[in-house]
Amino acid sequence: MDWGLRNRLSRILNPQDGKGVMLAVDHGYFLGPTEKLEDPKKTIKPLLIYADSLMLTRGILRTCVESNANIPIVLRVSGGTSILGEDLSKEAITTSIEEAIKLNASCLAMSIFVGSKYEHQTLSNLSKLIDEGEKYGIPVLAVTAVGKEMARDARYLALSCRIAAELGAHLVKTYYCENFEKVVEGCPVPVIIAGGKKLPEKDALNLTFNAIRDGASGVDMGRNIWQSDHPIEMIRAVRAIVHDKLTVEESMNTFFLNKDMRSNELETLKTR
Ligand code: R5P
């Protein structure tokens with residue numbers, strides 16, 4: 001692995017502990033204006049300082065993130081489908097490597113759909129993207145997407161993660177599941193987890209804790225952060241588990257403490 005690629009990867013996963021908190025805001029690429037991400041600029045801005053990296057498409061990067069933002073960019077470069085379309089797995093590469101370089105991406109991300117109708121297309125796109133990325137020292141995150149009819153169990157997720165790693169992905173994103181340690185054991189590159197649908201805060205922190213305990217290298221989390229009524233407190237609590245090894249109870253305490261402090265601050269501001 002060359003120096004540039006290792007350097008970029010070290011911006012995604014902190015070399016001190018090998019862990020990372022990636023803030024995912026790429027949902028609109030097939031879902032449109034997702035709840036609480038209708039105005040991405042407003043959602044992203046207050047959370048940026050607590051994220052280690054930001055995952056999004058070029059359109060949202062260009063229009064909703066200041067160009068002087070000091071945040072490594074994980075650029076989603078696959079898409080071309082929508083929830084209304086024929087088949088979500090029919091993704092193409094939507095952003096060129098030249099464009100990714102111009103946007104100063106630290107990592108490229110694309111979805112693979114193992115077991116779907118377009119499995120071959122997405123896996124061969126992944127291989128090509130890795131070849132392109134490696135030419136310029138840019139790592140690739142493979143997102144193991146799960147179709148409605150596919151079970152999110154360890155057997156299936158281990159299959160998807162291992163295939164992504166075999167094709168050369170530098171980092172893999174998947175879902176937490178029972179026997180998650182089997183997924184991690186079978187994957188020779190770091191595995192991070194998506195948060196999935198919005199859960200009560202404590203459940204999302206529990207998910208984060210279990211994933212880290214079972215070998216995940218971090219999270220690529222979206223809805224469980226910015227769909228919370230307290231997104232700042234939530235990302236801080238997630239960070240505390242990922243980087244500071246806090247338990248769920250301890251991170252919930254930081255969540256409530258930070259929430260109370262913020263509401264006091266807001267009250268004080270109102271009375272001025
Ligand atoms: C899918 O829309 C994207 O790859 C998301 O970035 C990913 O699912 C993580 O977001 P969430 O935590 O909301 O599942």
Side-chain angles (χ1 to χ4, degrees), residues 12 20-38 40 43-44 47 50-61 64-65 71-85 88-91 93-95 105 107-114 116 122 125-126 129 140-148 150 152 157 160-161 164 169 171-177 180 191-201 203-212 216-228 231 234-235 237-239 241-242:
I12 308 293
V21 174
M22 186 182 290
L23 178 65
V25 290
D26 60 325
H27 302 60
Y29 92 94
F30 73 100
L31 288 173
T34 318
E35 191 191 342
K36 301 246 182 123
L37 195 56
E38 295 91 346
T43 305
I44 297 168
L47 300 175
Y50 303 106
D52 295 319
S53 61
L54 182 67
M55 183 199 194
L56 73 182
T57 57
R58 66 172 161 185
I60 298 302
L61 177 62
C64 303
V65 183
I71 184 93
I73 297 301
V74 180
L75 193 66
R76 170 172 281 280
V77 298
S78 73
T81 59
S82 86
I83 36 164
L84 300 181
L88 272 183
S89 68
K90 201 178 177 183
E91 285 198 356
I93 297 297
T94 50
T95 305
C107 188
L108 308 172
M110 65 161 286
S111 298
I112 57 168
F113 293 82
V114 171
S116 75
T122 61
N125 282 344
L126 175 64
L129 188 69
V140 173
L141 165 68
V143 173
T144 63
V146 181
K148 274 191 205 130
M150 290 168 201
R152 288 187 192 189
L157 297 175
S160 300
C161 291
L171 195 60
V172 177
K173 187 193 88 174
T174 195
Y175 294 90
Y176 183 71
C177 60
F180 183 73
V191 176
I192 58 178
I193 61 140
K197 283 194 182 138
K198 171 79 177 71
L199 301 167
E201 277 78 6
D203 294 352
L205 294 174
N206 217 11
L207 176 88
T208 306
F209 180 86
N210 292 343
I212 298 295
S217 298
V219 296
D220 174 22
M221 194 174 273
R223 288 163 289 178
N224 275 296
I225 292 173
W226 39 260
Q227 285 183 345
S228 166
M234 191 57 191
I235 194 171
V238 168
R239 269 198 87 79
I241 292 176
V242 173

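Both backbone and side-chain heavy atoms feed into the values below; hydrogens, waters and symmetry mates do not. In listed order, ligands and their atoms are each counted from 1.
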Check each of Val172, Ile212, Leu207 against Ile193 using the side-chain contact (heavy atoms from CB on, under 4.5 Å) test, and report the only one that passes. Leu207

Residue and atom name of the nearest protein heavy atom (relative to atom 2 (O) of ligand 1), distance in Å to one decimal: Phe30 CE2, 3.4 Å

Which protein non-hydrogen atom lies closest to atom 5 (C) of ligand 1, naming both residue and atom, and how far is it? Asp26 OD1, 3.2 Å

Proximity flag Lys173 to ligand 1, non-hydrogen atoms under 4.0 Å: yes

Taking only heavy atoms of Ala24 into account, list the atoms of ligand 1 that are under 4.0 Å away from them. 6 (O), 9 (C), 10 (O)

Which of the numbered atoms in ligand 1 are under 4.0 angstrom from any heavy atom belonging to Gly222? 10 (O), 11 (P), 12 (O), 13 (O)

Asp220 (side chain) donor-acceptor with Ala194 (main chain) under 3.5 angstrom: no

In sequence, state the C-alpha distance, the side-chain angles, and the governing distance for Ser111 and Arg76, and then conclude on side-chain hydrogen bond (donor to acceptor under 3.5 Å, both in side chains). CA-CA 9 Å; Ser111 298; Arg76 170 172 281 280; 3.1 Å; yes

Closer than 4.0 angstrom: is that true for some heavy atom of Lys198 and an atom of ligand 1? no

Under 3.5 Å between any N/O of Asn224 and any N/O of ligand 1: does that happen in this structure? no

Shortest non-hydrogen contact from Gln227 to Lys36? O-NZ, 3.3 Å

Is it the case that ligand 1 has an N or O less than 3.5 angstrom from some N or O of Gly195? yes

Could an N or O of ligand 1 be found under 3.5 Å from any N or O of His27, whether backbone or side chain? yes

Does Arg152 make a cation-pi contact with Tyr175, if we ask for NZ or CZ under 6.0 Å from the ring centre and within 45° of the axis? yes

Can you check whether Lys173's main-chain N or O pairs, donor with acceptor, with Thr144's side chain at less than 3.5 Å? yes

Is there a donor-acceptor pair under 3.5 Å between the side chain of Asn224 and the backbone N or O of Lys197? yes

At a 4.0 Å threshold, what atoms of ligand 1 neighbour a non-hydrogen atom of Met221? 12 (O)

Number the atoms of ligand 1 from 1 as they appear, then name those within less than 4.0 Å of a heavy atom of Gly196, with their elements. 11 (P), 12 (O), 13 (O), 14 (O)

Is a side-chain donor or acceptor of Thr81 paired with a backbone partner of Lys90 at a separation under 3.5 angstrom? no

Taking 4.0 Å as the limit for heavy-atom contacts, which would you say applies to Met55 with ligand 1: side chain only, backbone only, both, or neither? side chain

